[in-house]
Chemist: 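I am attaching a structure below and will ask some questions about it afterwards.
Throughout, protein chains are lettered first and strands after them, A, B, ... in sequence-line order, and every chain is numbered starting at 1. These figures come from a predicted structure and were not determined experimentally.
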Amino acid sequence: MDLIVFWIMAPVSVGAAVLMLLQRNAVYAALFLVLNQFTLAVFFVLLDAHFLAAVQVIVYAGAIMVLFLFVIMFLGVDRREALVEPIRGQRGLAIGLGLLLAAGVVLAIGLGIGLARAPGPAPGGDNIEAVARVLFTDYVFPFELTSILLIIAAVAAMVLARRKARGLPDLADEAPAGREPERVP
Amino acid sequence: MTDLIWLVPALPLAGAVALLLAGKPLRRIAGGLASLLVGASFVVSVLVLIDLLGVGAEERTVAVKIFDWISVGSFEAPVELRVDPLSMVMALTVTGVGFLIHVYSIDYMHGDPRYSRYFAYLNLFVAAMLTLVLANNLVLLYVGWEGVGLCSYLLIAFWFERRAAADAGKKAFIVTRIGDTAMLIGIFLAFSTTGSVRFDEVFGAAGGLASGTATAIALLLFAGAVGKSAQLPLHVWLPDAMEGPTPVSALIHAATMVTAGVYLVVRAHAIFEASEVALGVVAVVGIVTAVYAGLSAIGQDDLKRVLAYSTISQLGYMFLAAGVGAYAVAIFHLVAHAFFKALLFLSAGSVMHATDGVIDVTRLGGLRRRMPVTAASFAVGGLALAGIPLLVGFFSKDQILAAAYEAGRTGLWITGLVAAFITAIYITRAYLLTFEGEPRSELHPHESPALMSVPMAVLGVGAVLGGLLGASAQTGRVQRFLGPVVGEPEAHAAAGALSEVGLSVIASAVAVGGIALAWALYGSGRVDWQALRARFGGARRALSRGFYVDDAYGALLVTPGKAAASFSASVLDTRVVDGAVNGIGRAFVRLAGVGRRLQTGLVRTYALAFLLGAAALVLVLVVRT
Amino acid sequence: MRTPIAFFLVVSALLFTIGTVGVLVRRNALVIFMSIELQLNAVNLTLIAFSRQLGEVNGQVLAFFSMVVAAAEVVVGLAIIVAIFRRRVSANVDDINLLRW
Amino acid sequence: MDWLDWVLLAARVVLVFGALIVSVMLAVWAERKIVADMQTRLGPRRAGPFGMLITLADGIKLFFKEGITPTQVERPVYILAPVLSLVPAFLAFAVVPFGAGVELFGRRVPFQLADLNIGILWVLAMGSLAVYGVVLAGWSSGSAYPLLGGIRSSAQMISYEIGIALGVVAVLMYSGTMRMSEIVAAQDRIWNIVPQFPAFLIFVTAALAETNRPPFDLPEAETELVAGYFTEYSGIRFAMFYLAEYIHTITVAAVAVTLFLGGWRGPVFDFLPWLWPLLWFVLKVVALIFVFVWVRATIPRFRYDRLMSFGWKVLIPWGLVWVLATGAIVVLPEEIGRDALVRWVAIGAGVTLLLSLIAPLLTRGRAGTRP
């Protein structure tokens, strides 16, 4: 059962990632990424990380990717990207090195823990309780720090994305000399 | 109470810090605050003194360690204050006279745009001087020493808008720096030979030093003293220092700065005594300076410059005393001098205040009727300076001359008498030209306000009654109090042909003679001194320019120095130094022109480099396992 | 039979590589950003896989933090992209080359 | 897990699916009827008794209508969007317990599709996915009104999701579990709506917005945006959006009942003991839906900027405040003891009362002296 789900999900996952890469339209890329994130959530369930599976869906699929879509639509950047690669050698090198990296890592996994080794015994008890216990005891300080981080990020986003407001200088609105921005069609 | 000694320098220092940081808000109370702090410092000093008097004479040396400052290997220079009779006498003089000068300044500097900064510097000056006299090691002493130098620079050049003031400040700083450098080398030498900078160890080891080394250390330290105390040949800064506000001159001449040299020689007398040569040099420099400066003083028309040369001359006396081993007498003369010279300066300041800055004695005259208090103060100070019996200057000067005579140095004694004679002449001349006779210009002077005249009155009382503190070289209170530090005054009254009383009579007679001569020339009206000036123009000019020493320095040092500086600025710097720098810069620009091609400015290229590195790392890991 | 951990790790490696290549070959800033998210996700998968292997939850907590940081990063990153877009009317990273010699 | 379990599970899935479809039918009819009544109209009355079959008739009509696909659309996404809208609405229901369960074939069959340990998170996750249908429908239509509707709705739904989450967090802190069945079990003495009334208000308000129900139906505000994100949809795809919206409403109501109104709890009688909980559950859901309809008939639509500022400046801050308060309510009795807590609260209330009595006197006294 476990293995069946994995073998269904793994090709979907990798396929979605590859398709995301190949899509010329940003919206489709985002959708394939959402699909990929779903498969990851399934993997998390397979790995007994129920809480994180839920968080994965809520945070990534539910919030982050919607934000992406929102920005894509808001800016109207869903036009297709040109296929010509302007930097010489970039594409070939990138794919070649990427394959090299993947091969290296897979090799490392094979050498390190063996490809077919079964996992250790599943931890007993409720996953949520276990995560909560560790999160609010050992990691309570980092946890509080993340709240500060999120507040800072929220403020930063507001400052960055703000249009001119009450006489404050705006980072975005000063057009560079000699390059008037044309309005988005 | 002794533990609180740190308050003595700390209080004025705190005042300086507060006034420097918060000068604007504190402006209205700056003068009062600064004076109060110095006053408080004086009170603490008195309390410590009372403590000190309560214990036996041998236990009167206490070291109070504040904190560790420099501690490197065997080198220990803690911030440690020394409480002993010598430092207490100095501290009391500094804080006491300093306090009066502060009070005087409140009115004198009233309305100055940099009022609070003035008091900040003044406080800092006092704090530095107190650090100097209270230090228990040579390094801390040097800190105070340089602090005093810095403050003198700041205060002499206080009205830096005036070119003369700015130049005078620089001159004071640079000239004393020559002596300071020598002194620093002396401190190094003392440390390298004795292994310590603490007074007890350095001076304790002085007796065992090779005479050459002792001479070297002593002379190097003495060079510092010469610079600070404006002795020949480093005296040229002091007359110019008159460009500063008059209370500053008073402070420099009476309480702080110039007395530091005398203090140093007395403090380090153990080293000087280890070397006959050094002591001889001290005495000779002192007496030569005394005569030279006295003669120059006669030639001055500027009242303050008269007083400046007078100070140089009197400091020469002190060095003479130190040079013949009469340290306690030297310090006593220092204290006495602090009183009457501060008094004279404050009187001169009062005159200046009244005449809107006119200080040329040839243009003054007849001021006594308009300014009786000032005139009386100046007269008392002048008489004390001239050494008229029963005033404080009489006792101290008499004791110096007696010490010289009793030490068997008749030559020094006679020269000292000459100097005393000259002293009487120039101070009488200054008084007569300023306060007596008819006014020689259209001025409307008026008596100074209370805050100025009261300190003058207090100092006047000091100048009159100060003699009670040290009426005799053997039994005077100050001398006995200083005894444990500088050695008991020896009673060798019978060494010469003349008795002590005889010496006093001779000295008094010389002083009176000088006054009489000056009166005959300038006060009696029987001699037309202006005609004499015209007749002996060349000699007068020589006197007024201090025998052209300054001009000689200018010709011999300053002019070639300027030429060398302008050569290195225009040729060496622009061609060689700038050329090298620019050449290196140009080379790097050219080199970078090649390297910058790597920076495409495209993020993705950089990311590719990331990937290259990551792949390489993974492969290395795989290969290694 | 339970799925061997190595399988997840291999999938994770593949996803990471795809993300990496995506960052390198795409020019649309938003897609590059998505590729970075893919990489983060792949790493999270690795963390959770190892957490499972070791039978404890520290890895999951770490993945949780990584998600929080990713959320913050996305918010700020998107805001930056919006700001850049307002200025240059382009989301192409090759157009942003002010640091170029 | 043998084959019987599988069969029972399949049966439950089919039953729930069917029940949802049917209840949508009834809900649409009921809404039209009730609104008509409140507006003194007659409403549907021809198809079936009291017009009950009106929805069926509409559905059949839509099903057989020609599906028009405009030329400007992004075709794959255009087709996908209605499905994406429908599926999460169904899935969210999976964790809702709608009855106490029954003994069947010697085993306990819970009236719940899946009792996940992350139950409540599952609801949130599905709720957060619902936005895709709207956003993608708006974008893929390739037309201005739907795009505006889509952008509006994505912003609105993301914003109000936080409100929902805060309401839910308060409940799960209070109940101490995320499992839906345990949340119901925790309400055996008192329903959560009593101690958690603020959370209930926040949750229901945000849920109305999340389901695009009036007065928060801005994505489809017909007076401004024609029909919002599904302007370009017709036929069966339009029907799917319509269906999704109502299923969403029912799901939200069911979740609210589970979280706040004691779920299936109610008096159980000896006759068919498994039926009563089911009945109570259905009654509660119906009552809540009635409230939704009532709200629709009563409150006019929000203006968009007010909607956003209400969400961010009212709902979320108060949600946060209430989460903090719940934390205090949960922890303080354990920390300082219930009696002491009561005492302190009483003292605090007394002091507040006293101050509020004294304060006016003071201000008046001061006001007299001031110019």
Chemist: Taking the side chain as everything from C-beta on, heavy atoms only, tell me whether C/E37 gets closer than 4.5 Å to A/F68.
Modeler: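 SC-SC contact between C/E37 and A/F68 confirmed.
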Chemist: Could you check which of C/L9, C/L78, C/V75 has the highest count of heavy-atom pairs closer than 4.5 Å to chain A?
Modeler: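 Winner by heavy-atom pair count: C/L78.
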Chemist: Determine whether C/L38 and A/L33 make a side-chain contact, defined as any pair of heavy atoms from C-beta on separated by less than 4.5 Å.
Modeler: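 Yes, close enough: below the 4.5 Å cut-off.
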Chemist: Taking all non-hydrogen atoms of both residues, which atom of A/D48 and which atom of C/Q60 are closest, and how far apart?
Modeler: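 Nearest pair, atom of A/D48 first, then C/Q60: O-NE2, 4.0 Å.
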Chemist: Just so I know, are the side chains of A/Y60 and C/N44 near enough to count as touching, which here means a heavy-atom distance under 4.5 Å?
Modeler: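 Yes, close enough: below the 4.5 Å cut-off.
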Chemist: Contact part of C/L15 toward chain A, heavy-atom cut-off under 4.5 Å: side chain, backbone, both or neither?
Modeler: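 Answer is side chain: those atoms of C/L15 sit under 4.5 Å from chain A.
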Chemist: Using a cut-off of under 4.5 Å on heavy-atom pairs, state which of A/S13, A/G104, A/A154, A/A10 scores highest against chain C.
Modeler: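 The answer is A/S13.
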Chemist: Which heavy atom in A/A156 sits nearest to a heavy atom in C/V76, and how many Å separate them?
Modeler: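 Nearest pair, atom of A/A156 first, then C/V76: CB-CG2, 4.0 Å.
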Chemist: Would you mind telling me which of C/L40, C/L14, C/T20, C/I80 has the largest number of heavy-atom pairs within less than 4.5 Å of chain A?
Modeler: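 If we count pairs closer than 4.5 Å to chain A, C/I80 comes out on top.
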Chemist: Mind ranking C/L45, C/V11, C/I81 by heavy-atom pairs under 4.5 Å with chain A and telling me who comes out on top?
Modeler: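 Of C/L45, C/V11, C/I81, C/L45 has the most heavy-atom pairs under 4.5 Å with chain A.
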Chemist: Under 4.5 Å from any heavy atom of chain C, what part of A/A63 do you find: side chain, backbone, both or neither?
Modeler: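 When you check distances to chain C, no heavy atom of A/A63 falls under 4.5 Å.
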Chemist: I'd like to check A/V34 versus C/M34 (side-chain heavy atoms, cut-off strictly below 4.5 Å). Are they in contact?
Modeler: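 Not touching, per the 4.5 Å side-chain cut-off.
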Chemist: Applying ring-ring contact (aromatic ring centres under 6.0 Å, His included), run through C/F8 and A/F6 and close with a yes or a no.
Modeler: CA-CA 9 Å; C/F8 292 105; A/F6 177 81; 5.0 Å; yes
Chemist: What residue, out of A/L101, A/L135, A/V5, has the most heavy-atom pairs lying under 4.5 Å from chain C?
Modeler: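 It is A/L135.
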Chemist: Assess the residue pair C/F7 and A/W7 against the criterion (side-chain contact (heavy atoms from CB on, under 4.5 Å)); give the C-alpha distance rounded to whole Å, side-chain angles, the decisive distance to 0.1 Å, and a yes or no.
Modeler: CA-CA 10 Å; C/F7 286 16; A/W7 278 117; 3.6 Å; yes
Chemist: Do A/F51 and C/V57 come close enough that some side-chain heavy atom pair is under 4.5 Å?
Modeler: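 Side chain of A/F51 against side chain of C/V57, heavy atoms only: no contact under 4.5 Å found.
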Chemist: Before you tell me yes or no, could you show the steps for A/Q56 and C/N41 under side-chain contact (heavy atoms from CB on, under 4.5 Å), namely the whole-Å CA-CA distance, both residues' side-chain angles and the distance that decides it to 0.1 Å?
Modeler: CA-CA 9 Å; A/Q56 168 87 0; C/N41 273 318; 3.2 Å; yes
Chemist: Select one option (side chain, backbone, both, neither) describing which atoms of C/F16 are under 4.5 Å from chain A's heavy atoms.
Modeler: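 C/F16 touches chain A through side-chain heavy atoms alone.
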Chemist: Which bit of A/V105 is near chain C, if near means a heavy-atom gap under 4.5 Å: side chain, backbone, both or neither?
Modeler: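 Looking at A/V105, just its side chain touches chain C.
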Chemist: Taking all non-hydrogen atoms of both residues, which atom of C/A71 and which atom of A/I64 are closest, and how far apart?
Modeler: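 In this case the closest contact between C/A71 and A/I64 is CA-CD1, 3.9 Å.
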Chemist: Check step by step if side-chain contact (heavy atoms from CB on, under 4.5 Å) holds for A/L52 and C/M67.
Modeler: CA-CA 9 Å; A/L52 279 177; C/M67 284 183 192; 4.0 Å; yes
Chemist: Contact part of A/Q37 toward chain C, heavy-atom cut-off under 4.5 Å: side chain, backbone, both or neither?
Modeler: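 Just the side chain, heavy atoms under 4.5 Å.
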Chemist: Locate the shortest heavy-atom distance separating C/A72 from A/A153; write the atom from each residue and the value.
Modeler: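 Shortest heavy-atom separation between C/A72 and A/A153 comes out as CB-CB, 3.6 Å.
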Chemist: Count the heavy-atom pairs under 4.5 Å between each of C/V21, C/V74, C/V61 and chain A, then report the option with the highest count.
Modeler: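 Maximum pair count with chain A is reached by C/V61.
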Chemist: Counting only heavy atoms closer than 4.5 Å, note whether A/L99 contacts chain C via side chain, backbone, both or neither.
Modeler: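 Only the backbone of A/L99 comes within 4.5 Å of chain C.
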Chemist: Let me confirm one number: the OG1-CD1 distance from C/T17 to A/I95, rounded to the nearest 0.5 Å.
Modeler: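 The distance works out to 12.0 Å.
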Chemist: For C/N58 and A/Y139, what are the C-alpha separation, side-chain angles and deciding distance, and is it a side-chain contact (heavy atoms from CB on, under 4.5 Å)?
Modeler: CA-CA 9 Å; C/N58 283 326; A/Y139 293 95; 3.2 Å; yes
Chemist: What's the shortest heavy-atom distance between C/V10 and A/I109, and which atoms?
Modeler: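 Looking at all heavy atoms of both residues, the shortest contact is N-CD1, 3.9 Å.
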Chemist: To the nearest 0.5 Å, tell me how far A/L47 CG sits from C/S51 OG.
Modeler: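 Separation between the atoms: 8.5 Å.
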Chemist: With rounding to the nearest 0.5 Å, note down the distance linking CG in A/L46 to CD1 in C/I48.
Modeler: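 With rounding to 0.5 Å, CG (A/L46) is 11.5 Å from CD1 (C/I48).
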Chemist: Would you say that C/V82 contacts A/L160 through its side chain, given a criterion of any heavy-atom pair below 4.5 Å between the two side chains?
Modeler: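 Not in contact.
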Chemist: Below 4.5 Å from any heavy atom of chain A, which atoms of C/V69 appear? Answer side chain, backbone, both or neither.
Modeler: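 Both parts, backbone and side chain.
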Chemist: Identify the two heavy atoms, one from C/R26 and one from A/L22, that lie closest to each other, and give their separation to 0.1 Å.
Modeler: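 Heavy atoms only, the tightest pair is NH1-C, 4.3 Å.
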